[in-house]
Amino acid sequence: QEKRVTLDGPKLSEDELLSLTNVYVELAQTDTVSRIAGRDPSVRGQEAEFDDSVSVEPQQRVGVLSFEAETGDPEQSADWANAYADAFVEYTDRLQADQRARSLDRIQVRIDEIQTELDERGVSANDPSVAGLTAELEALQSSAAAETAAPGDTVRVIEQAVPDCNPISPKPVRDAL
């Protein structure tokens with residue numbers, strides 16, 4: 001069974017998107033994503049079997065990944081493919097949030113330093129002697145606002161895996177003598 005995920009973000013060329021898709025495939029195959037998926041009730045206690053049964057592949061449509069699971073049970077395969085894709089979405093969301101927080105923290109540290117220096121000088125922010133600091137402070141505040149408002153890459157599920165009522169394997173023998 002498979003579950004499809006799409007990658008959305010800033011406009012990229014097809015080559016750039018293909019390269020980014022391959023990076024996301026590598027991220028999906030990390031132990032961290034597997035550990036996150038292992039917390040899913042359908043996977044818990046069967047992590048080794050899960051790891052052996054799931055895979056992720058880029059699709060022909062660039063920017064789409066297919067998460068698949070092959071087990072002897074169509075319900076379990078669908079559950080595991082969904083758990084794998086959901087774990088990947090959670091992981092990438094967490095990575096982006098952490099990256100944004102680190103970026104904002106660096107900006108905030110410098111804002112605090114400038115604010116402290118302005119306070120220590122005891123002059124108004126409009127004073128010409130601190131024009132450079134005031135300009136830097138305003139630029140940093142604008143950067144922080146832009147970083148907070150900027151859309152990042154988004155990873156979202158576009159199609160849930162559902163049990164296949166016509167399994168590919170094993171095929172039942174029909175009209176056998």
*asked:* Any side-chain to backbone donor/acceptor pair from Tyr84 onto Asp51? Under 3.5 Å, distance only.
replied: no
*Would you say Gln115 and Glu120 make side-chain contact, with heavy atoms under 4.5 Å?*
no
*Would you indicate whether Glu113, at its atom CD, is surrounded by more than 12 heavy atoms from other residues, nucleotides or ligands within a distance under 6.0 Å?*
yes
_With heavy-atom distances below 4.5 Å as the criterion, would you say the side chains of Arg121 and Asp127 are in contact?_
no
*Look at Arg102 together with Glu147 and state whether they make a salt bridge at an N to O cut-off of under 4.0 Å.*
no
_CD-CD distance between Gln76 and Glu49, expressed to the nearest 0.5 angstrom_ = 8.5 Å
_side chain to side chain donor-acceptor pair (under 3.5 Å): pairs with one or both residues in residues 134-145, sequence neighbours excluded_ = Arg110-Glu136
_Just verifying a value: how many Å separate Glu68 CD and Ser53 OG, rounded to the nearest 0.5 Å?_
12.0 Å
*asked:* Less than 3.5 Å apart, any donor N or O on the side chain of Thr71 or Asp73 sitting next to an acceptor on the other?
replied: no
_So, taking the atom named CG in Asp86 and the one named CG in Asp79, what distance separates them when rounded to the nearest 0.5 Å?_
10.5 Å
*Any donor and acceptor pair, going by atom type alone, linking the side chain of Asp40 with main-chain N or O of Ala83 inside 3.5 Å?*
no
*Could you tell me the separation between the CG atom of Leu140 and the CD atom of Gln108, rounded to the nearest 0.5 Å?*
9.5 Å
*What's the shortest heavy-atom distance between Ala37 and Ala87, and which atoms?*
N-CB, 3.4 Å
*Would Leu137 and Leu104 show up in the same hydrophobic cluster when neighbours are defined by side-chain heavy atoms closer than 4.5 Å?*
no
*So among Val56, Leu95, Thr32, which one has a side chain to side chain contact (heavy atoms under 4.5 Å, CB included) with Leu27?*
Leu95
*Any side-chain heavy atom of Leu65 sitting closer than 4.5 Å to one from Gln59?*
no
*What is the minimum heavy-atom distance between Pro163 and Ala78, and which atoms define it?*
N-CB, 3.6 Å
*Give, for atom CG of Asp98 and atom CG of Asp105, the distance between the pair rounded to the nearest 0.5 Å.*
10.5 Å
*On the 0 to 90° scale, with breaks at 30° and 60°, tag the Phe88-Phe67 ring pair as parallel, tilted or perpendicular.*
tilted
_Using side-chain heavy atoms (C-beta onward) and a distance below 4.5 Å, is Val25 in contact with Glu57?_
no
*asked:* Whether the side chain of Trp80 engages the backbone of Val54 through a donor-acceptor N/O pair (distance < 3.5 Å, no angle test) should be reported.
replied: no
*So, for Val43 and Gly38, which heavy atoms are closest and what is the spacing to 0.1 Å?*
CG1-CA, 3.7 Å
*Are Glu26 and Asn22 linked by a side-chain donor-acceptor pair shorter than 3.5 Å?*
no
